[in-house]
Amino acid sequence: MRTLSEKMKLLLSSLFLFLSFTSFSQDLPVKGFAIAAPNSDGLDRFVKFMEEELGPRGINTLVLRVDFNYAFQSHPELQDENPLTKGDVDKIKMAAKKHGIKVVPQINLLGHQSWAGTLGNLLKEYPEFDETPHVKMPENYEWPNEDGLYCKSYCPLHPEVHEVVFALVDELCEAFETSDFHAGMDEVFFIGDDKCPRCGGLDKAELFAGEVTKIQNHLDLQGRRLWIWGDRLIDGKRTGIGMWEGSMNNTHRAIDLIPKEVMICDWHYNSPIQTPVIFAAKGLDVISCSWNKPQVGVQQLEDMVTFRNHNTSEMKDRFQGVMVTVWSGADVFLDGLEKYLADPSAEKEVDQPWVTFVEVFEKENFVGLIW
């Protein structure tokens with residue numbers, strides 16, 4: 001049996017740890033949220049969400065997957081139907097500035113140029129940029145398939161591709177008045193294809209690193225920083241992480257070739273795998289990213305605080321924070337969040353992104369991490 005004195009010491013020790021954790025978690029450089037940008041019709045609802053949820057919860061970073069959902073003037077042929085206008089973007093910026101939120105717009109570069117059986121706007125309008133033109137889009141998409149088609153990629157060595165994509169990047173960054181840009185670059189399965197007249201036979205890691213470097217160098221001319229997802233920089237085989245959250249086509253060696261300025265968004269959705277340590281040890285800033293499993297997001301938050309508290313002065317600041325990601329349209333997420341906030345007990349499936357969002361960014365839940 002513990003004496004009263006021992007119990008008091010344990011209580012004070014736990015209280016100290018809790019206060020330290022709470023204070024430090026509040027000081028994380030990045031408390032982020034990533035979601036698809038709304039279309040113009042859903043803008044007002046999204047801005048209301050920024051005002052009533054993102055700001056009050058202390059979220060300071062919003063990664064908006066815009067892709068072609070903007071009324072581009074440089075390449076209007078690439079914009080989606082009903083895209084965000086410059087006036088719409090101004091409303092997002094106003095809400096963001098009011099609450100101290102940095103907006104990081106995203107366009108998927110290199111990979112994710114198709115989805116299931118549908119080509120994305122870039123390859124639809126510029127088929128000559130396709131890394132694998134011999135792989136035809138199926139009428140009825142299935143995975144796995146003989147072609148290994150998950151998502152198409154553009155050829156990073158095509159002489160005209162960057163003239164187009166950099167025009168989009170520059171226009172979007174200027175519209176959002178941002179210092180940071182997210183290029184996606186996750187799940188790149190098609191790269192250095194043997195049948196590509198430019199890339200065939202070349203080192204996939206060098207091709208991937210070359211594209212990252214080219215994008216970062218372009219952004220640097222305007223004083224901007226590149227963000228990417230981190231999966232292609234992890235050895236999926238040796239770590240046992242596999243082909244989705246890691247690379248099985250040898251791009252992982254690019255981790256030693258890319259500029260150290262690049263921000264890595266390290267996503268793991270089913271388990272809080274502690275790969276942020278790998279990126280930080282390589283001199284890269286890193287953010288831990290969760291999705292629809294609340295326990296994973298909360299553990300990543302705790303881990304990130306631990307990494308910052310228990311590391312060398314050279315490494316601790318590279319652990320930048322956490323980000324909850326959403327992989328649906330904005331309206332689907334907002335529908336789920338509104339219902340959950342109205343009655344949490346009515347949620348039948350807790351493995352939902354809106355539950356993760358609430359659990360990670362509710363200060364009250366920090367108590368559970370310590371006690």
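Numbering starts at 1 and runs along the sequence shown.
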Peer 1: Can you find a heavy atom in the side chain of Val161 that is under 4.5 Å from one in the side chain of Tyr126?
Peer 2: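 No - every pair of side-chain heavy atoms lies 4.5 Å or more apart.
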
Peer 1: Taking Glu177 first and then Lys97, would you say they form a salt bridge - that is, a charged N and a carboxylate O separated by under 4.0 Å?
Peer 2: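 Salt bridge present between Glu177 and Lys97.
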
Peer 1: Parallel, tilted or perpendicular: which fits the ring planes of Trp244 and Tyr150, with parallel below 30° and perpendicular above 60°?
Peer 2: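 Perpendicular: the ring planes of Trp244 and Tyr150 meet at over 60°.
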
Peer 1: Indicate yes or no: at least one non-hydrogen side-chain atom of Ile273 is less than 4.5 angstrom from one of Glu245.
Peer 2: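 Yes - at least one pair of side-chain heavy atoms lies under 4.5 Å apart.
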
Peer 1: Angle class for the Trp267/Tyr269 ring planes (parallel below 30°, perpendicular above 60°, tilted otherwise)?
Peer 2: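 Aromatic pair Trp267/Tyr269 classed tilted.
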
Peer 1: Between Glu77 and His75, is a side-chain hydrogen bond (donor to acceptor under 3.5 Å, both in side chains) present by the stated rule, with each step listed?
Peer 2: CA-CA 5 Å; Glu77 74 278 8; His75 288 280; 2.8 Å; yes

Peer 1: Between Glu171 and Gln73, is there a side-chain heavy-atom distance shorter than 4.5 Å?
Peer 2: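 When only atoms from C-beta onward are counted, Glu171 and Gln73 do touch, with a gap below 4.5 Å.
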
Peer 1: Is the Phe33 ring parallel, tilted or perpendicular to the Phe333 ring (thresholds 30°, 60°)?
Peer 2: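 Phe33 and Phe333: tilted rings.
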
Peer 1: Any side-chain heavy-atom pair from Cys289 and Thr325 closer than 4.5 angstrom?
Peer 2: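 They are in contact (side-chain heavy atoms under 4.5 Å apart), so the answer is yes.
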
Peer 1: Check the pair Phe176 / Tyr70 against ring pair (Phe, Tyr, Trp, His ring centres under 6.0 Å), numbers first and verdict last.
Peer 2: CA-CA 11 Å; Phe176 278 97; Tyr70 181 68; 7.2 Å; no

Peer 1: Please check if the number of heavy atoms outside Lys86 that lie under 6.0 Å from its NZ is greater than 12.
Peer 2: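 For Lys86, atom NZ is crowded (more than 12 foreign heavy atoms under 6.0 Å).
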
Peer 1: Are any of the side-chain nitrogens in Lys339 or Asp335 under 4.0 Å away from the carboxylate oxygens of its partner?
Peer 2: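 No, Lys339 and Asp335 are not salt-bridged.
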
Peer 1: Is there a side-chain contact between Phe208 and Met185 (heavy atoms, below 4.5 Å)?
Peer 2: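 Contact flag for Phe208/Met185 side chains = yes.
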
Peer 1: How are the rings of His182 and Trp227 set to each other: parallel, tilted or perpendicular (split at 30° and 60°)?
Peer 2: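 Taking Trp227 first and then His182, their aromatic rings sit tilted (interplane angle of 30° to 60°).
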
Peer 1: In terms of relative ring orientation, are Phe319 and Phe307 parallel, tilted or perpendicular, with 30° and 60° separating the classes?
Peer 2: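 Rings of Phe319 and Phe307: tilted, as their planes differ by 30° to 60°.
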
Peer 1: Taking 4.0 angstrom as the limit, do Arg253 and Asp203 come out as a salt bridge?
Peer 2: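 So Arg253 pairs with Asp203 through a salt bridge.
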
Peer 1: Could you tell me whether Arg308 and Asp317 have a side-chain N and a carboxylate O separated by less than 4.0 Å?
Peer 2: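 Counted as a salt bridge, because a side-chain N and a carboxylate O are separated by less than 4.0 Å.
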
Peer 1: Taking atom NZ as the centre, does Lys93 end up with more than 12 heavy-atom neighbours from other residues, nucleotides or ligands that are less than 6.0 angstrom away?
Peer 2: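 Counting other residues, nucleotides and ligands, NZ of Lys93 exceeds 12 neighbours.
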
Peer 1: For the residue pair Trp115 and Trp327, is the inter-centroid distance of their aromatic rings smaller than 6.0 Å?
Peer 2: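 Centroid separation for Trp115 and Trp327: 6.0 Å or greater.
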
Peer 1: Decide, yes or no, whether a salt bridge links Glu53 with Lys48 under the criterion of side-chain N to carboxylate O below 4.0 Å.
Peer 2: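 Not counted as a salt bridge, because no side-chain N and carboxylate O are separated by less than 4.0 Å.
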
Peer 1: Any heavy-atom pair between the side chains of Leu28 and Met304 that's under 4.5 Å?
Peer 2: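 In contact.
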
Peer 1: Taking Lys293 first and then Asp351, would you say they form a salt bridge - that is, a charged N and a carboxylate O separated by under 4.0 Å?
Peer 2: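 A salt bridge is present here (some side-chain N lies under 4.0 Å from a carboxylate O).
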
Peer 1: Can you hop from Phe166 to Leu78 via hydrophobic side chains spaced under 4.5 Å?
Peer 2: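 Per the 4.5 Å side-chain linkage, Phe166 and Leu78 are co-clustered.
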
Peer 1: Are the side chains of Gln300 and Val360 in touch, meaning some heavy atoms are under 4.5 Å apart?
Peer 2: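 No, side chains not in contact.
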
